[in-house]
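Have a look at the structure below before the remarks.
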Amino acid sequence: QVQLVESGGGLVQAGCSLTLSCRASGRTFSTFKMGWFRQSPWNEREFVVSISWAGSYPTYRDSVKGRFTISLDNSKNTVTLQMNSLKAEDTAVYYCAARYGALSTQASEYSYWGRGTQVTVSS
């Protein structure tokens, strides 16, 4: 059974930073593709970034390019999302997700999900 547990959310002011972590367990993740998604009350779940556990070049949502950075720690099965220069529109519940197969920006193609962590950015 695959388990994904997110941590690191919180309330910050616009322009500040937060670091989210996703710890994965239950499988050998070397063949998995990992993704971060987010969902606010007024939007559908949307793609943020994806990366191969093998460390391929990540794919970012346009609105977070240059501000967010995803990284992997293979020794800890942990995916980290560093979020800088946060904006009010980044406010959402952030979800970690995993899937077999190719990289994808589609939430429907991810099989495994964490419970999410709330990020709130005040303007």
Side-chain angles (χ1 to χ4, degrees):
Q1 182 72 16
V2 174
Q3 290 187 329
L4 304 173
V5 179
E6 304 97 337
S7 61
L11 170 63
V12 296
Q13 291 186 330
C16 291
S17 300
L18 274 176
T19 302
L20 305 184
S21 294
C22 171
R23 182 170 176 82
S25 62
R27 289 285 178 90
T28 299
F29 287 90
S30 59
T31 59
F32 273 62
K33 307 304 186 291
M34 305 299 297
W36 283 96
F37 290 79
R38 65 188 182 186
Q39 187 167 17
S40 60
W42 48 87
N43 284 327
E44 294 183 352
R45 191 166 298 190
E46 63 183 24
F47 168 78
V48 177
V49 61
S50 64
I51 192 170
S52 166
W53 206 267
S56 64
Y57 289 110
T59 300
Y60 291 94
R61 180 181 191 81
D62 285 347
S63 63
V64 307
K65 286 180 181 178
R67 300 189 297 121
F68 290 13
T69 303
I70 191 171
S71 60
L72 303 168
D73 185 335
N74 291 280
S75 66
K76 297 180 180 179
N77 276 359
T78 298
V79 182
T80 298
L81 182 64
Q82 176 66 42
M83 306 186 296
N84 299 327
S85 302
L86 282 162
K87 304 175 181 180
E89 51 263 43
D90 295 318
T91 295
V93 177
Y94 282 71
Y95 296 91
C96 177
R99 71 182 301 267
Y100 290 110
L103 287 171
S104 174
T105 63
Q106 303 301 311
S108 61
E109 296 183 353
Y110 284 77
S111 301
Y112 306 102
W113 291 85
R115 293 188 175 184
T117 184
Q118 176 71 47
V119 172
T120 304
V121 185
S122 63
S123 57

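In this structure, Val121 and Asp90 approach most closely via the heavy-atom pair CG2-CB, 4.4 Å. Of all heavy-atom pairs between Trp53 and Thr78, the closest is CH2-N, 3.8 Å. The minimum heavy-atom distance linking Ala92 with Ser40 is given by the pair CB-N, 4.0 Å. Val12 approaches Cys16 most closely through the heavy-atom pair CB-CB, 4.1 Å. Residues Gly9 and Thr117 come closest through the heavy atom pair N-OG1, 3.1 Å. Minimum heavy-atom separation, Thr80 to Trp36: C-NE1, 4.4 Å.
Phe68 and Val79 fall within a single hydrophobic cluster, where Ile, Leu, Val, Met, Phe, Trp and Tyr are joined by side-chain heavy atoms under 4.5 Å apart, directly or via other members. If you chain together hydrophobic residues whose side chains sit under 4.5 Å apart, Tyr60 and Leu72 fall into the same group. Met83 is connected to Val48 through a chain of hydrophobic side-chain contacts under 4.5 Å among Ile, Leu, Val, Met, Phe, Trp and Tyr, so both are in one cluster. No chain of hydrophobic side-chain contacts below 4.5 Å, direct or via other Ile, Leu, Val, Met, Phe, Trp or Tyr residues, connects Leu103 to Leu81. Under the 4.5 Å side-chain heavy-atom criterion for Ile, Leu, Val, Met, Phe, Trp and Tyr, Ile70 and Tyr112 are members of the same hydrophobic cluster.
Atom CG of Leu86 sits about 12.5 Å away from atom OG of Ser123, to the nearest 0.5 Å. Atom CZ in Arg99 sits 7.0 Å away from atom OG in Ser111 (nearest 0.5 Å). To the nearest 0.5 Å, the span separating OG on Ser50 from CZ on Arg61 amounts to 12.5 Å.
Ring geometry for Phe32 versus Tyr100: interplanar angle of 30 to 60°, hence tilted.
Side-chain atoms of Thr19 and Gln82 include a donor-acceptor pair closer than 3.5 Å.
At least one side-chain heavy atom of Val64 sits under 4.5 Å from a side-chain heavy atom of Arg38. For the pair Met34/Leu4, a side-chain contact is recorded, criterion being any heavy-atom separation below 4.5 Å from C-beta on.
Checked by atom type and distance alone, the side chain of Lys33 pairs as donor or acceptor with a backbone atom of Gly101 at under 3.5 Å. With hydrogens and angles ignored, the 3.5 Å screen pairs a side-chain donor or acceptor of Glu6 with a backbone N or O of Arg115.
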Please walk me through it: do Tyr110 and Arg45 pass side-chain contact (heavy atoms from CB on, under 4.5 Å)?
-> CA-CA 12 Å; Tyr110 284 77; Arg45 191 166 298 190; over 6 Å; no
Determine, stepwise, if the pair Lys65 / Asp62 fulfils salt bridge (charged side-chain N to carboxylate O under 4.0 Å, His left out).
-> CA-CA 5 Å; Lys65 286 180 181 178; Asp62 285 347; 3.0 Å; yes
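Listed by first then second residue, pairs satisfying disulfide (SG to SG under 2.5 Å) with a partner in residues 69-123 read Cys22-Cys96, not counting sequence neighbours.
Looking at residues two or more places apart in sequence or on another chain, you find a side-chain hydrogen bond (donor to acceptor under 3.5 Å, both in side chains) between Gln118 and Thr120. Remark: Phe47 pairs with Phe37 by the ring-ring contact (aromatic ring centres under 6.0 Å, His included) rule, at least two apart or across chains.
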